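One structure is given here, and the rest of the page talks about it.
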Amino acid sequence: MDHWDLRYSYLLPMKPGILWFEETMTKQCRRCGTEFVTRSRIRKRCEACQTVVSGERQKRANERLRALRTARRRCLLKAN
């Protein structure tokens with residue numbers, strides 16, 4: 001946080017309020033559109049869709065890691 005944030009803080013977006021300990025809210029899943037109940041304001045997907053999305057993310061991360069490793073191996077082979 002710098003001096004600019006303090007001077008122009010009224011232009012920054014407001015933080016969402018904190019939910020009380022046992023308060024729940026209903027939200028709509030951004031992936032499948034079903035209604036679900038959560039205690040988190042930042043949650044955007046139902047449990048089923050969240051597991052699918054996290055699996056897809058993990059798969060993409062593994063592919064990137066494999067590609068990086070093979071590129072590094074090829075560079076080392078070309079250098080030798």
Side-chain angles (χ1 to χ4, degrees):
M1 185 180 213
D2 57 352
H3 69 281
W4 192 92
D5 291 334
L6 294 173
R7 185 173 292 171
Y8 298 101
S9 61
Y10 61 93
L11 295 173
L12 296 173
M14 298 293 285
K15 287 185 181 176
I18 299 170
L19 290 176
W20 295 104
F21 183 61
E22 289 297 322
E23 187 180 347
T24 59
M25 59 190 314
T26 58
K27 286 191 151 191
Q28 190 171 9
C29 179
R30 67 159 35 167
R31 191 165 187 266
C32 64
T34 60
E35 294 268 331
F36 66 100
V37 177
T38 182
R39 281 196 271 167
S40 169
R41 284 192 183 272
I42 56 176
R43 189 131 195 147
K44 294 184 173 36
R45 295 181 193 90
C46 61
E47 281 294 321
C49 291
Q50 187 62 41
T51 55
V52 170
V53 168
S54 61
E56 290 171 353
R57 278 189 188 153
Q58 188 65 45
K59 184 179 174 184
R60 283 196 304 263
N62 289 341
E63 288 171 359
R64 278 196 307 269
L65 188 61
R66 276 191 219 108
L68 184 71
R69 286 177 180 163
T70 56
R72 193 177 294 148
R73 250 186 254 126
R74 286 180 187 157
C75 279
L76 287 174
L77 289 175
K78 285 181 182 178
N80 288 335

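Please read these numbers as outputs of a predicted model, since none were measured by experiment. For this chain, numbers begin at 1 and follow the sequence in order.
In summary, E56 and R31 engage in a salt bridge, as defined by a charged side-chain N under 4.0 Å from a carboxylate O.
When all heavy atoms are compared, the tightest approach of K27 to I42 is NZ-N, 4.1 Å. Shortest non-hydrogen contact noted between C32 and C49 is SG-SG, 3.5 Å. Between E23 and R39, the shortest heavy-atom contact is O-CG, 3.2 Å.
A side chain to side chain contact (heavy atoms under 4.5 Å, CB included) with F36 holds for exactly one of R43, M25, Q28; it is R43.
The OG1 atom of T38 sits 8.0 Å away from atom CD of E47, with the distance rounded to the nearest 0.5 Å. Here L65 contributes atom CG and E63 contributes atom CD; the two are 11.0 Å apart, rounded to the nearest 0.5 Å.
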